[in-house]
Number of protein chains: 2
Amino acid sequence: MKENWNTGNLDTLLLGILRQRAAHGYELIQKLKETSEAVFDLPEGTVYPSLHRLEKTGAISSSWDSSSGRRRRIYAITPNGRAALQSGKKAWAKYSHSVNMVLGMSS
Amino acid sequence: MKENWNTGNLDTLLLGILRQRAAHGYELIQKLKETSEAVFDLPEGTVYPSLHRLEKTGAISSSWDSSSGRRRRIYAITPNGRAALQSGKKAWAKYSHSVNMVLGMSS
DNA sequence: CTTCATACCTAGAGTATCTAGGTATGAAAG
DNA sequence: CTTTCATACCTAGATACTCTAGGTATGAAG
């Protein structure tokens, strides 16, 4: 992942959801909404391109599943993705600490 | 300010610096760098447009100062700006809490 | 007198998000 | 049975912010 939180942070959030278990795109949107208490209520036009980016860089891999009759693309995090998640978390820790400093909030 | 942290957050950061005392643009860049421990080391091409945005929306006001020989545009936060800062801080609190949830970090 | 830090500015490139459209299936309601 | 809604995928183009890369000008230092 990049070492700047300010851009492409959705990629890190998706890896954060996928770190526990694989999921398909639509499901990720819902989990992101649930886990964030509706703060991240993102349109598909935002999330799908992000997933395609992550797959292109090898952070996640996908496979089609049709067991439910309805076709789904299941995404799973790769070892590369876990490394990217770790550096993304570090970037977040630095970024959030700095914002707290600048805004004069408890860090 | 907008209720979404993800976009236009630099505006809130600048208000955070200006909440204590007025400052000119170049100085704000340095203070942002100092206060954030170099995490926010932003180019002028990023910061000046942000200041112009803030002035256009009435969150800050500016005046020219030539007392140092070198001309400087001094920015001060307005009452509107303080209100915008408050809502920006609320947006940040919600956003950062949600990121911590999604990434599984201590919130 | 040249170089560097200060101090301002903007146009255009780059990039991420969002809007708005499209397709298709399963379930529920009437 | 057929219409409607949630599921489930996709992309093209608009929007918006950041950054690059240029420009100008002054004061200080060497």
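The structure displayed is predicted, hence computed values, not measured ones. So that the names make sense, note that chain A is the first sequence line, chain B the second, and so on, each numbered from 1. When reading the values below, keep in mind they use all heavy atoms of this one structure, side chains included, and skip hydrogens, waters and symmetry mates.
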Problem - side-chain N/O A:Q30 vs D:dT7 OP1/OP2, d < 4.0 Å - result: yes
Practice task
Please report, rounded to the nearest Å, how far the P atom of D:dA8 is from the OH atom of A:Y75.
Solution key: 14 Å
Problem - Parallel, tilted or perpendicular: rings of B:W5 and B:W92 (30°, 60°) - result: tilted
Handout entry: Nucleotide D:dC10, atom C1' - distance to CZ of A:R71 in whole Å
Key = 8 Å
Handout entry: Residue closer to the 5' end of DNA chain C, A:L10 versus A:R70 (nearest nucleotide)
Key = A:L10
Practice task
Starting from C1' on D:dC10, measure out to OH on A:Y26 and report it in whole angstrom.
Solution key: 14 Å
Exercise for the section: May I ask you to evaluate whether B:R72 reaches the phosphate of D:dG27, defined as a side-chain N or O under 4.0 Å from OP1 or OP2? Expected result: no
Exercise for the section: Look at B:R53 together with B:D11 and state whether they make a salt bridge at an N to O cut-off of under 4.0 Å. Expected result: yes
Problem - Note: A:R73-A:E55 ion pair, threshold 4.0 Å (strictly below) - result: yes
Exercise for the section: Check whether any side-chain N or O of B:H24 sits under 4.0 Å from OP1 or OP2 of C:dT6, and answer yes or no. Expected result: no
Completion exercise
Rounded to whole Å, CH2 of B:W64 lies from C1' of D:dA25 at a distance of 11 Å
Exercise for the section: Would you mind reading off the distance between A:K56 atom NZ and C:dA16 atom P, rounded to a whole angstrom? Expected result: 10 Å
Handout entry: Protein-nucleotide distance (B:N6, atom CG; D:dT15, atom C1'), rounded to Å
Key = 14 Å
Exercise for the section: Would you indicate, yes or no, if D:dC9 has its OP1 or OP2 atom less than 4.0 angstrom from a side-chain nitrogen or oxygen of A:H52? Expected result: no
Problem - Length of the OH-C1' vector between A:Y48 and C:dA20, whole Å - result: 15 Å
